[in-house]
Amino acid sequence: MSYWLMKSEPDEFSIDDLAKRRTEPWSGVRNYQARNYMRDGMRVGDGVFFYHSSCAEPAIVGIAEVSRAAYPDPTQFDPRSDYFDAGSNREEPRWLMVEVRFKRKLKRNITLAELKERRELRDLILLRPGSRLSVSPVSKAHWDFILSLE
DNA sequence: GCCAACGTTGGC
DNA sequence: GCCAACGTTGGC
């Protein structure tokens, strides 16, 4: 079992939205590294930290799990979608997505500021300078440590 | 293959 | 809204 962190802007899709929907196709990832993590790494049942980005208080706010492994993201084929990619095609889809299922909200939000204070987390990909990956791996040690902060 | 220009991300 | 960091694009 592996662990991951996925970013979402709460104005677009928040942990409360996921709680209501129960499961959500994670469409719109248009970064090759993030796609490769989904394709090569993410398996059904993997743990996911749900992170709120681009907001007043960036933080890990909840836990989800992978409920479906990578499959082609249909929005790449839809000319009306913001995520349309004219360079992709159905025979060889360029972009993939996974589906995630809500597990629970954290008892309290663990803020980016707090994560940065913890020496134990200095290698967390989220905290690497300039890291903008919307999907990134989390080691079991980091996963367990972050949960211990809850 | 290089690299400048451009667009995006995301914290602040 | 600013801007640093990064990825992508496209001319050469």
Side-chain angles (χ1 to χ4, degrees), chain A residues 2-21 23-42 46-66 69-100 102-139 141-143 145-150:
Chain A
S2 303
Y3 301 92
W4 308 92
L5 182 144
M6 298 177 88
K7 296 180 182 176
S8 186
E9 300 186 16
D11 290 346
E12 300 293 324
F13 191 81
S14 71
I15 188 69
D16 290 323
D17 294 325
L18 183 64
K20 281 181 220 147
R21 301 259 203 111
T23 64
E24 180 73 5
W26 206 263
S27 61
V29 173
R30 294 295 180 270
N31 170 280
Y32 288 105
Q33 204 174 346
R35 180 204 65 184
N36 294 347
Y37 283 134
M38 291 195 290
R39 182 187 63 197
D40 304 331
M42 292 185 111
D46 282 0
V48 175
F49 280 138
F50 195 105
Y51 176 86
H52 281 172
S53 66
S54 292
C55 56
E57 188 191 75
I60 296 173
V61 296
I63 298 174
E65 67 180 358
V66 177
Y71 61 106
D73 178 345
T75 63
Q76 70 195 300
F77 307 125
D78 179 1
R80 292 162 305 178
S81 168
D82 289 343
Y83 302 119
F84 177 65
D85 183 349
S88 185
N89 62 76
R90 291 177 190 278
E91 289 66 40
E92 276 185 85
R94 180 177 290 172
W95 304 113
L96 304 174
M97 63 183 186
V98 297
E99 185 186 82
V100 298
F102 177 76
K103 293 204 72 166
R104 66 179 178 88
K105 292 173 76 169
L106 295 188
K107 299 185 196 102
R108 66 181 188 86
N109 293 352
I110 301 175
T111 66
L112 177 63
E114 181 175 355
L115 295 170
K116 283 179 172 174
E117 286 172 3
R118 296 294 184 158
R119 301 185 57 217
E120 294 89 339
L121 299 176
R122 62 188 177 277
D123 297 327
L124 188 68
I125 289 178
L126 175 73
L127 302 182
R128 288 222 282 248
S131 176
R132 302 182 315 184
L133 278 173
S134 60
V135 177
S136 61
V138 175
S139 70
H142 285 158
W143 177 273
F145 180 76
I146 290 167
L147 283 181
S148 79
L149 299 175
E150 193 181 2

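Just so it is clear: chains get the letters A, B, ... in the order the sequence lines come, proteins before strands, and each one is counted from 1.
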DNA chain B: 5'-most and 3'-most nucleotides touching chain A, 4.0 angstrom heavy-atom criterion: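 In short, chain A contacts DNA chain B from dG7(B) to dC12(B).
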
Can you list, by residue number, the residues of residues 108-124 of chain A that have a non-hydrogen atom closer than 4.0 angstrom to DNA chain B? Leu112(A), Lys116(A)

Could you grab the distance from atom NE2 of His142(A) to atom CD1 of Ile125(A), nearest 0.5 Å is fine?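 Result: 9.5 Å between the selected atoms.
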
Below 4.5 Å, heavy atoms only, C-beta onward: do [X] and [Y] meet side chain to side chain?
X	Y	answer
Leu124(A)	Ile146(A)	yes
Leu106(A)	Phe50(A)	no
Leu149(A)	Arg118(A)	yes

So, using ring pair (Phe, Tyr, Trp, His ring centres under 6.0 Å) as the criterion, who are the partners of Phe49(A) when residues are at least two apart? Trp143(A)

Looking at Asp46(A) and Ser2(A), would you say the former's side chain and the latter's main chain have a donor-acceptor pair under 3.5 Å?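 Judged by distance alone, yes, a pair lies under 3.5 Å.
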
Return yes if a side-chain donor-acceptor contact under 3.5 Å exists between Thr75(A) and Arg30(A), otherwise no. yes

